[in-house]
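The next block holds one structure in the form of structure tokens; read it before the comments.
Side-chain atoms are counted along with the backbone in the values below, which use heavy atoms only and exclude waters and symmetry mates.
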Amino acid sequence: VKKEEKRLDSRCPVNIPCKYIMYVERIKTFGRSTLSKFYIKDNLGNIYDKYNGYIIEPEGPDTKATGKNKRIIHGEHELFWHFRPQKKHRYWAPQIISNDISGDRLILIHFGGGRNWSLGCLIPTRNPYKDNSEKYGEIYKCDFEQSKIFFNEIANFIDSVEKTNNKIENLKINNIKLVIFNNITE
């Protein structure tokens with residue numbers, strides 16, 4: 001018997017220590033891209049509906065290898081802060097690291113316009129759509145500005161959980177982990 005899940009839009013009670021899991025449930029592939037459901041749960045079973053959305057990433061198969069322009073291996077991963085120093089977009093982003101994903105691979109959760117913005121990274125969005133890219137052919141895309149808004153909501157959630165006012169490179173995000181699993185039906 002599966003326990004019924006509670007749905008909330010607020011954090012765990014202050015008197016109960018909480019850990020959080022960001023889930024990426026891969027559900028569809030389209031051309032050279034993968035679409036996943038994105039949601040956050042805490043260790044009490046609460047789902048934080050405010051952060052429900054999607055992730056766009058490269059097509060499979062899953063890989064541990066660097067430089068393949070494919071989606072990362074499914075499983076449980078840790079998150080660390082990484083600074084993106086580009087001139088136009090300077091910001092902190094969660095970096096994904098595990099026994100299967102090396103830190104020098106620089107796999108991040110960051111905003112973008114879809115699959116064409118990723119060589120393995122995870123692009124959050126609320127409104128993915130199918131389109132064509134000159135470089136990749138058929139792919140999932142999303143509105144850049146909407147992706148940026150959703151990304152900032154996720155980053156602010158991490159900040160509120162971790163209370164990371166002064167981030168430094170490779171600072172571990174202790175109370176949140178990332179779990180990716182494949183549930184592709186087509």
Side-chain angles (χ1 to χ4, degrees), residues 5-12 18-60 62 70-82 84 89 91-96 101 107-131 133 136 138-162 164 173 175-186:
E5 296 173 338
K6 296 181 251 175
R7 297 190 176 270
L8 302 175
D9 284 326
S10 59
R11 296 190 52 214
C12 280
C18 280
K19 298 284 185 176
Y20 300 84
I21 302 173
M22 292 182 169
Y23 285 97
V24 174
E25 177 185 352
R26 293 177 174 144
I27 56 171
K28 294 181 182 179
T29 58
F30 177 68
R32 294 203 48 208
S33 59
T34 302
L35 183 68
S36 304
K37 289 181 189 176
F38 176 83
Y39 53 97
I40 300 172
K41 287 176 80 172
D42 65 31
N43 58 316
L44 300 176
N46 300 313
I47 296 175
Y48 294 74
D49 291 333
K50 179 179 178 179
Y51 304 100
N52 287 355
Y54 297 91
I55 295 290
I56 297 173
E57 60 184 323
E59 75 278 10
D62 297 8
K70 300 285 183 188
R71 66 182 182 225
I72 61 173
I73 190 89
H74 64 279
E76 188 173 306
H77 309 287
E78 294 183 330
L79 298 170
F80 296 79
W81 285 114
H82 172 74
R84 304 268 306 183
H89 304 288
Y91 61 97
W92 288 92
Q95 181 178 357
I96 302 165
I101 301 171
I107 300 297
L108 307 174
I109 300 172
H110 67 80
F111 55 85
R115 160 57 174 111
N116 49 323
W117 284 68
S118 173
L119 297 175
C121 296
L122 283 64
I123 309 295
T125 183
R126 287 219 167 87
N127 300 302
Y129 61 90
K130 294 177 179 179
D131 201 359
S133 158
Y136 294 110
E138 294 180 327
I139 58 170
Y140 283 105
K141 286 186 172 182
C142 60
D143 179 81
F144 175 84
E145 291 301 324
Q146 292 299 315
S147 176
K148 190 174 182 180
I149 289 168
F150 187 36
F151 167 81
N152 286 330
E153 290 172 5
I154 294 167
N156 289 337
F157 174 81
I158 296 169
D159 278 339
S160 72
V161 168
E162 294 293 310
T164 47
I173 297 170
N175 295 307
I176 303 172
K177 65 181 172 182
L178 178 73
V179 173
I180 299 174
F181 63 100
N182 296 330
N183 194 16
I184 297 170
T185 56
E186 49 180 77

Could you walk me through whether Val161 and Ile173 pass the side-chain contact (heavy atoms from CB on, under 4.5 Å) check? CA-CA 9 Å; Val161 168; Ile173 297 170; over 6 Å; no

Per salt bridge (charged side-chain N to carboxylate O under 4.0 Å, His left out), Glu57 is matched among Arg32, Arg26, Lys70, Arg115 by Arg26

Going from [atom1] on [X] to [atom2] on [Y], what distance comes out if it is rounded to the nearest 0.5 angstrom?
X	Y	atom1	atom2	answer
Lys130	Lys28	NZ	NZ	6.0 Å
Phe181	His74	CZ	NE2	11.0 Å
Ile149	Thr125	CD1	OG1	10.5 Å
Leu35	Ile139	CG	CD1	12.0 Å
Gln95	Leu178	CD	CG	12.5 Å
Phe30	Glu138	CZ	CD	4.0 Å

Any side-chain heavy-atom pair of [X] and [Y] under 4.5 Å:
X	Y	value
Val24	Val179	no
Thr29	Glu59	no
Trp92	Asp159	no
Ile158	Met22	yes

Going by ring pair (Phe, Tyr, Trp, His ring centres under 6.0 Å), Trp117 matches just one of Phe144, Phe111, Phe151. Which one? Phe144

Can you list the steps and then say if Leu122 with Ile72 is a side-chain contact (heavy atoms from CB on, under 4.5 Å)? CA-CA 9 Å; Leu122 283 64; Ile72 61 173; 4.2 Å; yes

In terms of the angle between their ring planes, are Tyr23 and Tyr39 parallel, tilted or perpendicular, with boundaries placed at 30° and 60°? parallel

Quick one: sort the Phe157 and Tyr48 rings into parallel, tilted or perpendicular, breaks at 30° and 60°. tilted

Please indicate whether Lys148 has more than 12 foreign heavy atoms, meaning atoms of other residues, nucleotides or ligands, lying under 6.0 Å from its NZ. yes

Checking side-chain polar atoms at under 3.5 Å, does Arg71 have a donor or acceptor matched by the opposite partner on Thr34? yes

I'd like to know whether Ile40 forms a side-chain contact (heavy atoms from CB on, under 4.5 Å) with Ile47, so could you lay out the CA-CA distance, the side-chain angles of the two residues, the decisive distance to 0.1 Å, and finally the verdict. CA-CA 6 Å; Ile40 300 172; Ile47 296 175; over 6 Å; no

Donor-acceptor under 3.5 Å ([X] side chain, [Y] main chain):
X	Y	result
Asp42	Leu44	yes
Ser147	Gly113	no
Glu162	Asn175	yes
Asn43	Lys19	yes

Using the ring centroid of each side chain, check whether Tyr54 and Tyr140 are separated by less than 6.0 Å. no

Can you name the closest pair of heavy atoms from [X] and [Y] and give their distance?
X	Y	result
Ile123	Cys142	CG2-SG, 4.1 Å
Tyr136	Asn116	CE1-CA, 3.7 Å
Pro58	Cys121	CD-O, 3.9 Å
Ile73	Ile180	O-CD1, 4.5 Å
Asp143	Tyr129	N-CE2, 4.2 Å
Pro124	Phe150	CB-CD2, 3.6 Å

Go through the steps to decide whether Ile27 and Lys37 satisfy the test side-chain contact (heavy atoms from CB on, under 4.5 Å), and finish with yes or no. CA-CA 7 Å; Ile27 56 171; Lys37 289 181 189 176; 3.9 Å; yes

Salt-bridge criterion met for Glu76 and Lys177 (N-O under 4.0 Å): yes

